[in-house]
S.K.: 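Got a structure for you, questions after.
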Amino acid sequence: MHRRMAEPYKIKSVELLNVLNDQEREQALIAGGYNTFLIKSEDVYIDLLTDSGTSAMSDLQWAALQRGDEAYAGSKSWFRLEQAVKEVYGYRHVIPTHQGRGAENLLSQLKIHPGNYVPGNMYFTTTRAHQELNGGTFVDIVIDEAHDPMIDLPFKGNVDLNKLENLIHKVGADQIPYVSIAVTVNLAGGQPVSMGNLREVHALCHMHDIPVMLDATRCVENAYFIKEREPGYEYMLVKDILKKMMSYSDGCTMSGKKDCLVNIGGFLAMNDDDLYTRARELVVLYEGMPSYGGMAGRDMEAMAQGIYEAIDDHYIKHRIHQVRYLGNQLLDAGVPIVRPIGGHAVFLDARQFLPHLRQEEFPAQSLAAALYLDSGVRSMERGIVSAGRNKITGENNRPKLELVRLTIPRRVYTDNHMDVVADSVISLYEKRNHISGLGMVYEPPTLRFFNARFEPLSANGKLI
Ligand code: PM9
């Protein structure tokens, strides 16, 4: 008999939700320029915009806040956080930052020189933006299959070693300040990297004296997939798999807002003494003292506690189960989603969902708007709008993947909420021919997806 799984926590405090009627949702959507980032959260019923900073903290984390030492320098809370990072991830040095992009900023400034190339297993918006700000060029070295939503592979986030080797030969190892490996790969659908692939990337890079820096934002989810899918790891604890994963790198950037189970915080970690000294010098310019890096003492306490809670096998097993619980309902109904179902989100394939829309009509943005209108469920565009423009030609980058992300916050919603989301997506799929495209009427120069505004297009593709 198939035994069902329930959330490995019970609810101690609840946050009440607003349920808007159809008309109110339409007004909220117009006011937000058809951009889900610009809708007020009080107008959202189920918020699947992001899993970033949206986790529910445990009673122990709330209690830890009280312990926060708000000393400007040498806070006790900092030493607890530093200890947790060293113990769980295994790096020698840690620099705290206010969130992940703070760490990306420091790493990019410290390592990248104009003209350098930074290979990575698919781009991420903020990561690439910092690489480019420092004169670097991102080079995609993920396996080709990662760009195809229909291909079902256990480790779709893997690096194509030939691509990496070819780049090293073409531009020279001295032009590659580090290789950046995301575990898991967000924009590929939350797809993991195998331990075997990490080991090979590390070996190749070390032959050429190139450091490997992980984007560890969702590293615990990656470790769980290794346990499930990679022979030899099925009986290991997730925390041990995680430490082994990290041992195939020289450092990492971390957005604590995801796999550290907190609402704010991040860090840069490394083994290199010289890089650490330089990062300690630079962090004071952007984040604050190396003993708080933009976080309050209480934030650091909550993060230290969250780091330990996230590596509990029961927690992570249910986390992955809940994402799959939603994804499998959509698959059963024939809705096109990225396969396999990833670690933090279910991604709707907007190209297949809305084949009547051209990419310039922003299919994923249009689908995200339609979903909000239908049920008050907020999702996020991850397609041509997020991909921005080519920094040299100014042309739109045209990613193969045109996706809507239904991102599941950690420990926040029940499986019943997932049912409501599934019903809404399935009902939209049944009336998909009635969903029209959008035109962009305001385009910010950087990271345009956050603030861009749109208006509906008429049947002939013109703004109404
Ligand atoms: N990710 C997300 O919703 C929040 C911002 S959306 C642009 O997925 C990776 C893999 C991320 C990430 C943020 C960051 C930046 C780095 N790497 O948001 O600065 O998914 O803490 O982290 C978001 P911060």
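In listed order, ligands and their atoms are each counted from 1.
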S.K.: Within the 4.0 Å heavy-atom shell around Met380, which atoms of ligand 1 are there?
M.R.: 3 (O)

S.K.: Write out the residue and atom name of the closest protein heavy atom to atom 10 (C) of ligand 1, then the distance separating them to 0.1 Å.
M.R.: Asp215 OD2, 3.3 Å

S.K.: I want to know if ligand 1 touches Gly100 in the polar sense, i.e. an N/O pair below 3.5 angstrom.
M.R.: yes

S.K.: Please confirm whether Arg378 makes a cation-pi placement over Tyr372, using NZ or CZ under 6.0 Å from the six-membered ring centre and within 45° of the ring normal.
M.R.: no

S.K.: If we ignore angles and hydrogens, is there a donor and acceptor under 3.5 Å between the side chains of Gln109 and Tyr286?
M.R.: yes

S.K.: Mark up the atoms of ligand 1 that fall under 4.0 Å of a heavy atom belonging to Phe449, in ascending order.
M.R.: 7 (C)

S.K.: Under 3.5 Å, is there a donor-acceptor pair linking the side chains of Ser424 and Ser375?
M.R.: yes

S.K.: Please determine whether the number of non-hydrogen atoms from other residues, nucleotides or ligands lying under 6.0 Å from atom CZ of Arg389 exceeds 12.
M.R.: yes

S.K.: Taking the side chain as C-beta and beyond, is there a heavy-atom pair between Arg351 and Pro149 under 4.5 Å?
M.R.: no

S.K.: Would one find more than 12 heavy atoms of other residues, nucleotides or ligands at under 6.0 Å from atom OH of Tyr248?
M.R.: yes

S.K.: Closest non-hydrogen protein atom to atom 14 (C) of ligand 1, residue and atom name please, with distance?
M.R.: Phe124 CE2, 3.5 Å

S.K.: Has Lys239 got more than 12 heavy atoms of other residues, nucleotides or ligands less than 6.0 Å from its NZ?
M.R.: no

S.K.: List every atom of ligand 1 that sits less than 4.0 Å from any heavy atom of Thr50, numbering the atoms from 1 in the order shown and giving each element.
M.R.: 2 (C), 3 (O)

S.K.: May I ask which of Arg382, Met122, Lys257, Arg218 has a heavy atom nearer to atom 20 (O) of ligand 1 than the others do?
M.R.: Arg218

S.K.: Out of Tyr72, Trp78, Phe267, Phe79, which residue meets the ring-ring contact (aromatic ring centres under 6.0 Å, His included) rule with Tyr292?
M.R.: Tyr72

S.K.: Considering non-hydrogen atoms of the protein only, which is the closest contact for atom 15 (C) of ligand 1, and what is the distance?
M.R.: Thr126 OG1, 3.5 Å

S.K.: Tell me which protein heavy atom sits closest to atom 16 (C) of ligand 1, plus the residue, atom name and distance to 0.1 Å.
M.R.: Glu104 OE2, 3.1 Å

S.K.: Under 4.0 Å from a heavy atom of Arg101: give me the atoms of ligand 1 that qualify, with their elements.
M.R.: 5 (C), 18 (O), 19 (O), 22 (O), 24 (P)

S.K.: I want to check something: taking the side chain as every heavy atom from C-beta on, are Lys391 and Thr137 in contact at a cut-off of under 4.5 Å?
M.R.: yes

S.K.: So, using salt bridge (charged side-chain N to carboxylate O under 4.0 Å, His left out) as the criterion, who are the partners of Glu200 when residues are at least two apart?
M.R.: none

S.K.: Charged N to carboxylate O under 4.0 angstrom, Arg411 versus Glu7?
M.R.: no

S.K.: Look only at interatomic distance and state if Arg405 has a nitrogen or oxygen under 3.5 Å from any nitrogen or oxygen of ligand 1.
M.R.: yes

S.K.: For atom 24 (P) of ligand 1, what's the nearest protein heavy atom and its distance?
M.R.: Gln99 NE2, 3.3 Å

S.K.: Hey, which atoms in ligand 1 end up nearer than 4.0 Å to a heavy atom of Thr125?
M.R.: 7 (C)

S.K.: Run the numbers for me: atoms of ligand 1, each under 4.0 Å from some heavy atom of Thr217, listed by number.
M.R.: 9 (C), 16 (C), 17 (N)

S.K.: Please list the nearest protein heavy atom to atom 21 (O) of ligand 1 with its residue and the distance rounded to 0.1 Å.
M.R.: Ser255 OG, 2.6 Å

S.K.: Using a 4.0 Å cutoff against the non-hydrogen atoms of Phe450, which atoms of ligand 1 qualify?
M.R.: 7 (C)

S.K.: Could you check whether any heavy atom of His344 sits closer than 4.0 Å to an atom of ligand 1, since that is the contact criterion I want to use?
M.R.: no

S.K.: Give yes or no for whether the N/O distance cutoff of 3.5 Å, strictly under, is met between Asn186 and ligand 1.
M.R.: yes

S.K.: Does an N or O from Lys258, backbone or side chain, lie closer than 3.5 Å to an N or O of ligand 1?
M.R.: yes

S.K.: Using 4.0 Å as the upper bound for N to carboxylate O, is an ion pair formed by Arg218 and Asp51?
M.R.: yes

